[in-house]
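Working notes, structure below.
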Amino acid sequence: MNESDTSRHFLRQWIEKDVADGKTGGKVVTRFPPEPNGYIHIGHAKAVCVDFGMAALFGGECHLRLDDTNPAKESDEYAENIKKDIRWLGFQWSGDGDGVESGFYNASNMFDKMYEIAENLIKRGQAYCCNLGQEEWKEYRGTPEKPGKPSPSRDTDPERNLKIFREMRDGKYADGEWCLRAKIDMSSPNIHFRDPVLYRIRHVAHYHLGEKWCIYPMYDFAHPIEDALEGVTHSMCTLEFEVHRPLYDWVVDRLDEMGMLVERGGVKIRPQQREFARLNLTHTVMSKRLLLQLVTEGRVNGWDDPRMPTVCGMRRRGYTPGAIREFCERVGVSKVESESEGALLEWCVREELNKTALRRMAVLDPVKVVIDNFEGVREVELPNNPLDESALTRKIPFSREIWIDRSDFMEVPEKKFFRMFPGGEVRLRGACIFKCSHAVKDDAGNVVEIHGTWDPGSWGGNAPDGRKVKGTIHWVDAATGVKAKFRLYEQLFTAKDPLKDGSERFLEHMNPDSLCEKEGFVEPLLGTAAPGERFQFERTGYFVADEKDFSPSSPVFNRTVTLKDSYKPA
RNA sequence: UGCCUCGUGGUGUAAUGGUAGCACCGCAGAUUCUGAUUCUGCUUGUUGGGGUUCGAGUCCCUGCGAGGCAACCA
């Protein structure tokens with residue numbers, strides 16, 4: 001990615017201007033703030049690319065901050081996997097790798113500061129404790145069309161508020177009994193200004209801090225504080241937070257009044273929030289809740305199921321970090337809610353793998369071919385990657401009996417089928433020209449064995465008389481081929497938008513054929529592949545040795561993506 | 001019917017008052033020992049109406065459409 005390739009989208013122009021205006025104190029600082037309550041998916045990957053990408057573009061830094069302000073749903077397992085996935089995507093926060101991790105933050109590490117700020121707000125008469133119940137709360141808040149009305153506690157004096165707030169902290173009250181609210185404007189057209197809740201009581205242990213707190217800050221209060229205290233200059237998030245922005249600015253203003261904004265290069269750093277459209281992908285769902293449902297109901301085999309849009313799922317599928325980054329670059333950044341096509345992601349994957357994946361031959365649905373006039377064993381030499389000479393070549397044994405794919409044979413060829421059929425000639429990739437004589441069938445009419453002869457003058461693949469053979473098919477030597485399992489993946493959902501009938505009915509759109517398991521043979525070399533290693537199986541697709549289930553004695557390959565196929569029977 | 005945001009080919013995005021461009025998808029052809037790759041060509045677009053301007057996708061007004069906001073979630 002160089003500068004001219006990068007789109008000059010509105011966020012970039014925004015930051016450019018702030019840098020020019022000297023607002024950043026010499027360093028652009030962004031942040032990626034996931035909540036550790038699930039695995040990150042391709043949608044988060046776009047945010048990671050934007051957050052880390054913009055920082056890198058301006059020579060600044062991007063913090064990884066776990067926004068762990070709601071202990072009810074968060075866990076260390078999620079936290080660790082988020083870090084792993086971001087590293088895998090190819091991004092680094094300051095100090096990652098040398099154990100310092102100065103660019104890594106937990107929101108929960110700022111709880112002391114947040115509490116102090118909350119007390120300050122109370123003392124300044126800008127926040128108060130409120131004990132409205134759920135129902136009353138709703139009634140007092142009003143609706144978007146109707147202004148709210150003040151809580152009876154709105155004008156309690158700071159002294160008493162401070163006392164109650166400390167009692168909240170000390171565990172004197174039950175969940176929901178009291179909360180701390182900002183004192184702003186109950187009649188604002190923006191509901192987030194109607195005295196929003198700043199702190200709520202939650203008698204729940206925090207995965208990171210244990211029992212230290214029983215009150216926890218709300219996102220709208222915590223986020224601007226985190227940004228400000230970390231010296232973040234540009235805080236980018238998704239569109240639904242646009243309405244929260246005035247509140248974000250309100251908190252930053254209060255921090256400014258309290259003299260709590262950090263200074264850098266003689267400049268007071270005022271964090272600013274801007275919003276861009278989240279990534280949506282066709283034929284999948286992106287909501288953490290729905291993905292969790294797929295996992296817990298066993299509709300897929302875990303968060304890292306290769307059909308999942310999670311980063312760990314895509315990794316297991318064989319997608320590359322580079323392809324994912326390229327995809328995020330290509331879909332662009334804007335404020336238009338849109339749905340990108342999965343085809344573009346697949347194109348990015350093929351684009352990279354075509355250049356880098358070693359070529360191999362694998363037969364997924366084997367049928368035996370006997371070359372009646374072939375004797376002994378010969379060796380075929382083929383390039384590991386015809387696009388990259390430095391990848392060198394490999395040698396593959398070839399003998400009288402081989403496996404080919406069932407789909408490469410037709411007893412009665414249709415028009416424009418130029419693979420194997422009785423009476424026709426086909427090239428066996430890298431080996432020779434073969435003329436099929438007949439097929440042996442079982443009682444049910446299934447082809448069980450194909451016979452024919454080779455042209456002894458054609459070793460290497462070219463006819464001695466220069467005659468053209470249009471079709472070339474792949475094969476695996478039966479004597480030395482290695483048995484292998486293949487997992488063929490397709491879209492998890494048949495509908496472009498699985499949520500079109502509402503999220504409660506999205507399961508109805510699941511693709512029953514999203515996973516198809518096959519058993520066949522691969523060329524001998526593949527028995528020693530490393531888990532996670534990616535290949536192109538010629539004429540078939542890109543595959544990866546499964547990172548969990550592959551072993552030399554029982555090779556398992558996941559299909560990453562098929563090769564483009566322009567074969568259309570006439 | 002409150003407030004906020006957004007409408008450019010099938011999809012995603014560019015054009016920042018001056019020739020509507022790029023990519024993916026699709027289609028057609030060339031090359032090819034992968035029906036892949038590569039190469040060439042093609043189809044398809046500014047939400048309607050009014051206004052400002054020499055000139056509007058861009059600015060203004062208005063209609064239409066889409067989305068967001070009424071968790072003590074993030």
Side-chain angles (χ1 to χ4, degrees), chain A residues 7-10 13 33-35 37 67-70 72-74 107 130 132-134 137-138 141-148 175-181 188-194 196-202 215-216 218-220 222-223 237-246 275 277 279-280 282 288 327 330-348 350-351 354-355 359 361 382 386-387 416-419 426-433 460-462 469-474 496 536-542 562-568:
Chain A
S7 137
R8 292 176 49 85
H9 53 71
F10 75 105
Q13 295 183 38
E35 185 186 13
N37 67 347
D67 209 2
D68 49 0
T69 58
N70 182 1
K73 300 181 287 184
E74 298 158 2
C130 173
L132 247 28
Q134 288 294 322
W137 168 268
K138 258 189 182 170
R141 183 192 43 215
T143 66
E145 295 85 4
K146 229 175 46 196
D175 288 8
E177 204 173 331
W178 284 89
C179 68
L180 182 72
R181 299 176 69 176
S188 169
N190 183 339
I191 289 205
H192 301 282
F193 255 30
R194 319 241 265 233
V197 173
L198 265 24
Y199 262 94
R200 80 290 214 183
I201 301 172
R202 279 271 179 288
I215 57 172
Y216 292 94
M218 298 287 292
Y219 169 86
D220 281 319
H223 208 84
C237 61
T238 43
L239 252 27
E240 70 269 27
F241 290 103
E242 204 155 22
V243 245
H244 296 240
R245 194 155 93 203
E275 311 81 16
L279 173 69
N280 294 299
T282 57
K288 276 187 197 172
F327 171 71
R330 280 174 179 265
V331 295
V333 177
S334 75
K335 300 189 70 158
V336 187
E337 297 196 43
S338 56
E339 188 172 53
S340 297
E341 290 181 340
L344 179 60
L345 214 205
E346 294 198 338
W347 181 86
C348 293
R350 288 192 189 104
E351 163 84 356
N354 181 43
K355 291 184 200 140
R359 310 294 131 116
M361 292 197 288
L382 280 172
L387 269 42
K416 286 176 80 179
F417 181 85
F418 44 86
R419 280 121 77 165
V426 70
R427 180 164 28 240
L428 297 171
R429 174 77 164 132
C432 62
I433 293 172
N462 289 314
V469 174
K470 173 83 172 153
T472 299
I473 66 172
H474 61 279
K496 238 180 159 184
Q536 184 200 95
F537 292 169
E538 291 201 31
R539 303 209 313 128
T540 302
Y542 295 99
T562 59
L563 252 32
K564 220 173 126 185
D565 182 10
S566 59
Y567 171 59
K568 286 179 297 289

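Protein chains get the first letters and strands the later ones, always in sequence-line order, with residue 1 at the start of each.
- Side chain of A:Phe417, nearest nucleotide from B:U34, B:G35, B:A74: B:G35.
- Comparing A:Arg419 and A:Ile201 by the nucleotide of RNA chain B whose heavy atom lies nearest to each, the residue mapping closer to the 5' end is A:Arg419.
- Atom-to-atom, CE of A:Met361 to C1' of B:A36 comes out at 15 Å; the value is rounded to the nearest Å.
- A 4.5 Å side-chain heavy-atom check between A:Pro246 and A:Phe193 finds at least one atom pair inside the cut-off.
- For the P atoms, the distance from B:A14 to B:A66 is 23 Å, rounded to whole Å.
- Across the protein-nucleic acid pair, A:Lys470 atom NZ and B:U34 atom C1' stand 12 Å apart, rounded to whole Å.
- Out of B:C73, B:G12, B:C6, the shortest distance to the side chain of A:Val331 is found at B:G12.
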Exercise for review: Could you please spell out the steps behind the side chain to side chain contact (heavy atoms under 4.5 Å, CB included) verdict for A:Glu341 and A:Glu346?
Suggested key: CA-CA 9 Å; A:Glu341 290 181 340; A:Glu346 294 198 338; over 6 Å; no
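- At distances below 3.5 Å, not a single donor-acceptor pair connects side-chain atoms of A:Ser340 with backbone N or O atoms of A:Val331.
- Counting non-hydrogen atoms under 4.0 angstrom, A:Lys355 reaches nothing in the nucleic acid.
- Closest to the side chain of A:Glu538, out of B:U37, B:U34, B:C73, is B:U34.
- Backbone-only contact: A:Glu339 has heavy atoms under 4.0 Å from sugar-phosphate atoms and none from a base.
- A distance of about 9 Å separates the C1' atoms of B:G26 and B:G10, rounded to the whole Å.
- Side chain of A:Asp67 to main chain of A:Pro34: no donor-acceptor pair is present (N/O by atom type, distance under 3.5 Å, no hydrogens or angles).
- The side chain to side chain donor-acceptor pair (under 3.5 Å) search around A:Arg429 returns A:Glu538, not counting sequence neighbours.
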Identify all pairs in which a protein N or O lies below 3.5 Å from an N or O of nucleotides 57-59 of chain B, and state each distance.
none

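- Of the listed nucleotides (B:U34, B:U13, B:C72), B:U34 has the atom at the smallest distance from the side chain of A:Pro386.
- The cationic atom of A:Arg419 (NZ for Lys, CZ for Arg) lies less than 6.0 Å from the six-membered ring centre of A:Tyr567 and within 45° of the ring axis.
- When heavy atoms are screened at a 4.0 angstrom cut-off, A:Tyr216 is found touching no nucleic acid atom at all.
- The nearest heavy atom of RNA chain B to A:Arg429 and to A:Val333 marks one nucleotide each, and the one closer to the 5' end goes with A:Val333.
- Contact of the A:Tyr219 side chain with the A:Phe241 side chain is registered, since non-hydrogen atoms from C-beta on lie closer than 4.5 Å.
- Among the atoms of the strands shown, base atoms are found under 4.0 Å from some heavy atom of A:Asn462.
- Heavy atoms of A:Thr540 sit nowhere under 4.0 angstrom from any nucleic acid atom.
- Helical stems in RNA chain B, defined as runs of 3 or more consecutive Watson-Crick or G-U wobble pairs with both donor-acceptor distances under 3.5 Å, are listed by first residue as B:2-7 with B:64-69, B:10-13 with B:21-24, B:26-30 with B:38-42, B:47-51 with B:59-63.
- Which of B:U34, B:U8, B:A74 sits closest to the side chain of A:Arg359 comes down to B:U34.
- At a threshold of 4.0 angstrom between heavy atoms, the contacts of A:Ile433 with the nucleic acid are absent.
- Checking B:U8, B:A74, B:A14 against the side-chain heavy atoms of A:Arg200 singles out B:A74 as nearest.
- Using atom P as the reference point in both B:G17 and B:C59, the two lie 9 Å apart (nearest Å).
- Distance check on atom P: B:A28 versus B:G67 gives 36 Å, rounded to whole Å.
- When A:His223, A:Arg245, A:His244, A:Glu275 are each tested for a side-chain contact (heavy atoms from CB on, under 4.5 Å) with A:Cys237, only one passes: A:Glu275.
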Look for any protein N or O under 3.5 Å of an N or O in nucleotides 65-71 of chain B and output each such pair with its distance, or none.
unit_1	atom_1	unit_2	atom_2	d
B:G67	O2'	A:Glu337	OE1	3.1
B:G67	O2'	A:Glu337	OE2	2.1
B:C69	O2'	A:His192	NE2	3.0
B:A70	O3'	A:Arg141	NH1	3.0
B:A70	O2'	A:Arg141	NE	2.4
B:A70	O2'	A:Arg141	NH1	3.3
B:A70	O2'	A:Arg141	NH2	2.6
B:A71	OP2	A:Arg141	NH1	2.8
B:A71	OP2	A:Arg141	NH2	3.4

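- Taking only distance into account, the side chain of A:Lys146 never meets the base of B:U1 through a donor-acceptor pair shorter than 3.5 Å.
- Between A:Glu339 and A:Lys496 there is no salt bridge, since none of the side-chain N atoms of the basic residue sits less than 4.0 Å from a carboxylate O of the acidic one.
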Got a list of protein N/O to nucleotides 21-30 of chain B N/O distances below 3.5 Å?
unit_1	atom_1	unit_2	atom_2	d
B:A23	O2'	A:Arg330	NH1	2.6

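- Between B:C22 and B:G9, the two C1' atoms lie 13 Å apart (nearest whole Å).
- A search for side chain to side chain donor-acceptor pair (under 3.5 Å) contacts involving A:Arg202 returns nothing, not counting sequence neighbours.
- Comparing atom distances between the A:Lys496 side chain and each of B:A74, B:U13, B:G10 picks out B:G10 as nearest.
- For the C1' atoms, the distance linking B:U58 with B:U52 amounts to 13 Å, nearest Å.
- The backbone N or O of A:Thr143 lies less than 3.5 Å from a partner atom in the side chain of A:Arg194, making a donor-acceptor pair.
- Nucleotides B:U46 and B:G63 have their P atoms positioned 23 Å apart, rounded to a whole Å.
- Between the NZ atom in A:Lys355 and the CZ atom in A:Arg350 there is a gap of 14.5 Å [rounded to 0.5 Å].
- B:G2 and B:C72 are spaced 24 Å apart, taking the P atom of each and rounding to whole Å.
- Contact of the A:Lys288 side chain with the A:Asn37 side chain is registered, since non-hydrogen atoms from C-beta on lie closer than 4.5 Å.
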